[in-house]
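Naming: A, B, ... by sequence-line order, numbering from 1 per chain.
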Number of protein chains: 2
Amino acid sequence: MTTTALLAYFERVLSLTEAEKSLVAEAFQERKVKRRHFILQKGDVCKHHTFVVAGCFRMYLVDDKGKEHNLQFAIENWWITDIASFYAAEPSSLYIEALENSTILQLRKEDQVKFFDDNLTFNRIFRALTENALVNAHRRILQNISSTAEERYLDFLKRYPQFLQRLSNVQIASYLGVTPEFLSTIRKKMIGS
Amino acid sequence: MTTTALLAYFERVLSLTEAEKSLVAEAFQERKVKRRHFILQKGDVCKHHTFVVAGCFRMYLVDDKGKEHNLQFAIENWWITDIASFYAAEPSSLYIEALENSTILQLRKEDQVKFFDDNLTFNRIFRALTENALVNAHRRILQNISSTAEERYLDFLKRYPQFLQRLSNVQIASYLGVTPEFLSTIRKKMIGS
DNA sequence: GGCAGCCCATAAGGTAGTTTAAGAAAGCGA
DNA sequence: TCGCTTTCTTAAACTACCTTATGGGCTGCC
């Protein structure tokens, strides 16, 4: 059963009745995505909440000069959604790309309303997820305005060691907001000391 | 009635019954705060959601070198809370300071649970508020990693013109993540062109 | 009314991070 | 297994932004 991981995830927040578990199985759809394929592209409206069962994704922006800036990664048991586009039903300015062959569970917005909007437990769960994401976003803003690139890299290594083996330095540099060349000099300096 | 502005705010999201309006009046407490006084200091646990009825606040971090970094401002009809501390009940690393003599409405965490946790309407409202805050946070992260200080300043002017008259350039510079001196050179350059 | 404290501007020298270019190593598709 | 694309590194020139210092104007306070 592919929703096993998702149910386990939900039950870390609040426990579910059997009826609620069935709702989850009914509302979420499984999908396989190949490496380098996109589940969201600029201009699309983001119509799904996506939960990663297996694999790895990145969400990024392409700026005026054509440069990519990674906003977020997601591996097993993470969510990845352009919430600005999802909630406002506006065209997204972001891309979500699979970095590995992946399996996901998706919840369409209509199905979120249909299945979960009247349910207090799921309202609490989705509120908790959003609060959690907001705490992380605030931490990252603080870090961006108060730390150097080296400090951010060290924090990234400590906080997400599981990403190190799966992501190239190009991807990590883009997430930290520096060029791969500069990340390379940071790494060199760290090994030296 | 001091909760008028707050009720109007809530009803922009979802309409409330009379009973729910009474709940709001019961749960929120009014408080006056003088300029330069704090409603949160580093080490405190953030125990309230704060809604600004009148006045102006800033939330900021002090880094290892003693420098202040503004994370957020709040004026009339804005919320200001250290959500990381509030939800995790951990000591905060932030300060929230009144920049003007102000009037606020505060909701204690226990009262949020007591009055609103079982109420579907308020769950939806608080979820919507959090989603909104998350969208803003994501936009700000994107901007921090993809824009220059000048671009961020221009966007700040466009997005929050009402802040211009009320905040010093020192406060704005700290929000943008640059020194006041550099903001001054940006402003000079803009006038010249 | 005068002093203290804050705010803004300007300038010179310094540092963090970028750009461009080039070469070697490693992974991927056919 | 070959060829191609991607990845990592190094280096030199460049730019965005910081630091420190100075001076002048404004505001609030006794």
Does a side-chain N or O from [X] land closer than 4.0 Å to OP1 or OP2 of [N], or not?
X        : N      : value
A:Thr179 : C:dG17 : no
A:Lys189 : D:dT9  : no
A:Arg187 : D:dC8  : no
B:Lys67  : D:dT19 : yes
A:Ser184 : D:dC8  : no

Without decimals, in angstroms, what is the distance between [X] [atom1] and [N] [atom2]?
X        : N      : atom1 : atom2 : answer
A:Phe182 : C:dA16 : CZ    : C1'   : 5 Å
B:Asp63  : D:dT19 : CG    : P     : 10 Å
B:Arg166 : C:dC7  : CZ    : P     : 16 Å
A:Glu68  : D:dT6  : CD    : P     : 11 Å
B:Leu176 : D:dC18 : CG    : P     : 11 Å
A:Gln171 : D:dT7  : CD    : C1'   : 11 Å
A:Leu183 : C:dT19 : CG    : P     : 15 Å
B:Lys34  : D:dG28 : NZ    : P     : 15 Å

Would you check if the distance from the ring center of [X] to the ring center of [Y] is below 6.0 Å?
X        : Y       : answer
B:Tyr9   : B:Phe51 : yes
B:Tyr175 : B:Phe73 : yes
B:Phe163 : B:Trp78 : yes

### Query
At under 4.0 Å between heavy atoms, what does A:Glu150 touch on the DNA or RNA strands: base, sugar-phosphate, or nothing?
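It contacts nothing in the nucleic acid.
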### Message
Using a 4.0 Å heavy-atom cut-off, does B:Thr148 contact any base of the nucleic acid, only the sugar-phosphate backbone, or nothing at all?
### Response
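Contact class for B:Thr148: sugar-phosphate only.
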### Query
How are the rings of B:His49 and B:Trp79 set relative to one another: parallel (under 30°), tilted (30 to 60°) or perpendicular (over 60°)?
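Perpendicular.
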### Query
Taking the side chain of B:Lys188 as its heavy atoms from C-beta onward, which of C:dC8, D:dT7, C:dA11 lies nearest to it?
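So the nucleotide nearest the side chain must be C:dA11.
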### Query
Among C:dC8, D:dC17, C:dG17, which nucleotide sits nearest the side chain of B:Val170?
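Of C:dC8, D:dC17, C:dG17, C:dC8 is nearest to the side chain of B:Val170.
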### Message
Would A:Lys47 pass as a cation-pi partner of A:Phe86, given that its NZ or CZ must be under 6.0 Å from the six-membered ring centre and within 45 degrees of the axis?
### Response
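Geometry flag: not set, cation outside 6.0 Å or 45°.
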### Task
Using heavy atoms to find the nearest nucleotide of DNA chain C for B:Glu181 and A:Thr185 separately, return the residue whose nucleotide is more 5′.
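Nearer the 5' end of the strand: B:Glu181.
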